[in-house]
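Single-structure report; data block below.
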Amino acid sequence: MPPWPPPLPAVASLPYQCSVLLRNLAARHSPVPSSPSSFLRALRCLHARLLSAALLHNPSHPHLTLRLLHLYTLSPDLATPAILFRSDPGPIAATSLVSAYAIAGRLPDAASFFDYVPLHRRDTVLHNAMISAFARASLAAPAVSVFRSLLGSASLRPDDYSFTALLSAVGQMHNLAAPHCTQLHGAVLRLGVGAVSSVSNALIALYMKCDAPEVARDARKVLDEMPVKDELTWTTIVVGYVRKGDVHAARSAFDEVDGEFDVVWNAMISGYVQSGMCAEAFELFRKMVSKRIPPDEFTFTSVLSACANAGFFLHGKSVHGQFIRLQPDFVPEAALPVNNALVTLYSKSGKISVAAKILDSMSLKDVVSWNTILSGYIESGCLDNAASVFKEMPYKSELSWMVMVSGYVHGGLAEDALKLFNQMRSEDVKPCDYTYAGAIAACGELGALKHGKQLHAHIVQCGFEASNSAGNALLTMYARCGAVKDARIVFLVMPNVDSVSWNAMISALGQHGHGREALELFDQMVARGIYPDRISFLTILTACNHAGLVDEGFQYFESMKRDFSIIPGEDHYARLIDLLGRAGRIGEARDLIKTMPFEPTPAIWEAILSGCRVNGDMELGAYAADQLFEMIPQHDATYILLSNTYSAAGRWVDAARVRKLMRDRGVKKEPGCSWIEVGNKVHVFLVGDTKHPEAHTVYKFLEMVGAKMRKLGFVPDTKFVLQDMAPHQKEYVLAAHSEKLAVSFGLLKLPLGATVTVLKNLKICGDCHTAMMFMSLAVGREIVVRDVRRFHHFNDGECSCGNYW
DNA sequence: ATAGGGTTAG
């Protein structure tokens, strides 16, 4: 019979071996004494030996404590900690239980053991353990009150441990005021514990966490007065300067110790990563390796995240290799964050299958691992894989929901996003502001204004009104739904508008025909010292486009290069060309192409093409079409555009060739629809190949619409009435409560072609009244006034745009 | 029997 508990392994490989030992014990891989009392005795013996090896409370190995605790709680009929405690309800057992539970993140259990000890039996050490338990959980107030009760006790006095724990607890508070630090500093000096390095370290950390900029000096003073400085002193200083945003001060402090202590390297490397200086982080790691300082799990995690952030994938791969060589030294718990960082690295470098393989090979996974692979799949566009990971992941956090909701929105599946959001709330998961932002963006996609407004109310209720992500999402949603007024209110209410907010507001004005106002707002933004980015200029060009402000558009384009040194991208050029084309200055557009520093892209040719359509310059149009044809397939719309252009240019054979290509490649023509509000009804128009209005297709479409709306949980009592308006066109009236339901089919994104088709259909129906209303809705949205005016005369035969599917 | 710093997912 082998001895029990098994003998502890040699010192060199202690943490790893002990972890394995404890895991095997928990899994009953080792012989276990038959009687509960001898199991308990042996377990306590093991516990004591781990403690004497200083392993259990070594901050690098909290997982050993967890494993041991797990072993204690393993079978309820054996030695649960409660039974352990009942056999010895004194302060000593309570202290180790309080700290064990605190490390395990189970604060309520820790507190209850503290409470069980009668007042007269509590000693300073127990108080200290409780204070640090609260500190770990970032709960400053209860920690302070435990410290107060220690002060109030007649027989007890706080010692250096008490102060260290208290200072760390107070440091968890947000917006800590400098006077508090000075006050605590005074108390430390009065009680004469300032010479103890742990107290001074905590004091330095406290000063560094203060918002006031000048406290760094006070921290430095504490440092200079310390008789003995240890490695944690220097780490605290380095970390503190990084937190204050002063990487250079951190680096000079690091150079002051000359890398004498290993952990300071970690602090400096991660400091560089946090400040976005990934190249410096990697350089330091290289230096560390050349000095033969062994990297630990923190080093690996930081440097890998540096590689992932900066796109140093080859460097990352070599770090991966080094980690593999050292891997046997790491317990699974220590390897976990490194593996997580590896999964991130490979996801970001586009090697999602390698990332999945690493995840698969991990013996230990946590929420972070699952969330990482989830966002990896979403970023690489594998929504299906993401959805199945989401379904099967053993634990979810709020972040998982957030990633999935916004993943659906980004992937164009707004309905699924809202469905998931509703499911989330029915499962009582509290959404954070980012998740709300995702759901609101989904409403914007769908044009579900009422639903969006409800979410706005929730946001106010949850206190997320000051959040920029939520505010920007609301702003964009209102803009997409055409509620510029509401968008403006959100913009005015937001406490810290950022450049995203400005861009969104400018775009809201621009898209709804308030071109001049959009330009004014842009100038205001610049005057306020907010630097416009490339998105700002895209927005401005769009605004100019919608308002027909050609010369202004040109001026802003020049100013972008000259005053803000932003290099125009293909999208900027495409918009400028579009602007020129619509103004009939297609020749200038053609000249502009020649000045571009890159070869024309499909977007550029498309812009030229639409300009040619407006101007009837079919020669240049056909040339652009030829260029596009070479680049096909870019996206589905290109085929239709091409075929129509060739037809308009009289090149019927080429048009037919495009149509054949379209058929061969299986490009689907899906029916689209449009909407119009009349009174409290919403009319939905079916747009598409209406020459084959087989009844079942029409009804199928209606069913689809109905199912979609029911799924979204909007107006459930909506009735569909089918009315025959004309042989070539069907109109469905939604007897809705004037909600812009039809917008939920994504119709605000209705392109020019579709609008033209609707107008054409209305002409066929002879419903000029509706047509006029439709135009008034269309004007200033995606459609430019002059385009609509062209069809004011409804000259069918001349329509070069054709149908939009 | 108790303390201080450093890590990963958007």
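As the structure is a prediction and not an experimental result, all values here were calculated from the model. Proteins come first, then strands; the chains are lettered A, B, ... in the order of their sequence lines, and each starts at number 1.
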Heavy-atom pair of closest approach, residues Asn266(A) and Phe298(A)
ND2-CB, 3.7 Å
Looking at every heavy atom in both Met130(A) and Ala110(A), which two are closest together, and how far apart are they?
SD-O, 4.2 Å
Just checking [X]: base, sugar-phosphate only, or nothing, at a heavy-atom cut-off of under 4.0 Å?
X	result
Val239(A)	sugar-phosphate
Thr372(A)	sugar-phosphate
Glu398(A)	nothing
Asp230(A)	base
Asp123(A)	base

Candidate nucleotides [options], ranked by approach to the side chain of [X] - the nearest:
X	options	value
Leu399(A)	dA3(B), dG6(B), dG10(B)	dG10(B)
Ser397(A)	dG10(B), dT7(B), dA9(B)	dA9(B)
Thr301(A)	dA3(B), dT8(B), dG10(B)	dT8(B)
Ala129(A)	dA3(B), dT2(B), dT7(B)	dT2(B)
Glu379(A)	dT2(B), dA9(B), dG10(B)	dG10(B)
Thr164(A)	dA9(B), dG4(B), dT2(B)	dG4(B)
Ser302(A)	dG10(B), dT7(B), dG5(B)	dT7(B)
Ser305(A)	dT8(B), dT2(B), dG5(B)	dT8(B)
Phe298(A)	dA9(B), dG6(B), dG4(B)	dG6(B)
Pro337(A)	dA1(B), dA9(B), dT8(B)	dT8(B)

Stacking between Tyr161(A) and the base of dT2(B) (centre distance under 5.5 Å, interplanar angle under 30°)?
yes
Looking at dG6(B), does its base get a donor-acceptor pair with the side chain of Asp296(A) below 3.5 Å?
yes
Atom pair distance, as rounded to whole Å: [atom1] in [X] and [atom2] in [N]:
X	N	atom1	atom2	result
Ile373(A)	dT8(B)	CD1	P	18 Å
Leu223(A)	dG5(B)	CG	C1'	14 Å
Leu345(A)	dA9(B)	CG	C1'	14 Å
Asn309(A)	dA9(B)	CG	C1'	12 Å
Glu297(A)	dT7(B)	CD	P	12 Å
Lys348(A)	dA9(B)	NZ	P	6 Å
Asn472(A)	dG10(B)	CG	P	19 Å
Arg136(A)	dT2(B)	CZ	P	11 Å

Can you sort out the partners of [X] under ring pair (Phe, Tyr, Trp, His ring centres under 6.0 Å), two or more places apart, ordered by chain and number?
X	answer
Tyr434(A)	none
Phe282(A)	His315(A)
Tyr272(A)	none
Tyr408(A)	none

Just to be sure I understand the geometry, which residues of residues 197-205 of chain A put a non-hydrogen atom under 4.0 Å away from DNA chain B?
Ser197(A), Ser198(A), Asn201(A)
OP1 or OP2 of [N] versus the side-chain N and O atoms of [X]: is any pair under 4.0 Å?
X	N	value
Gln274(A)	dT7(B)	yes
Ser270(A)	dT7(B)	yes
Arg243(A)	dG6(B)	yes

Any heavy-atom pair between the side chains of Val247(A) and Glu280(A) that's under 4.5 Å?
no
Residues pairing under salt bridge (Lys or Arg N to Asp or Glu O under 4.0 Å) where one sits in residues 219-242 of chain A, two or more places apart or in two chains, turn out to be Arg220(A)-Asp224(A), Arg220(A)-Glu256(A)
Checking Asp296(A) against Thr299(A): is there a side-chain donor and acceptor pair closer than 3.5 Å?
yes
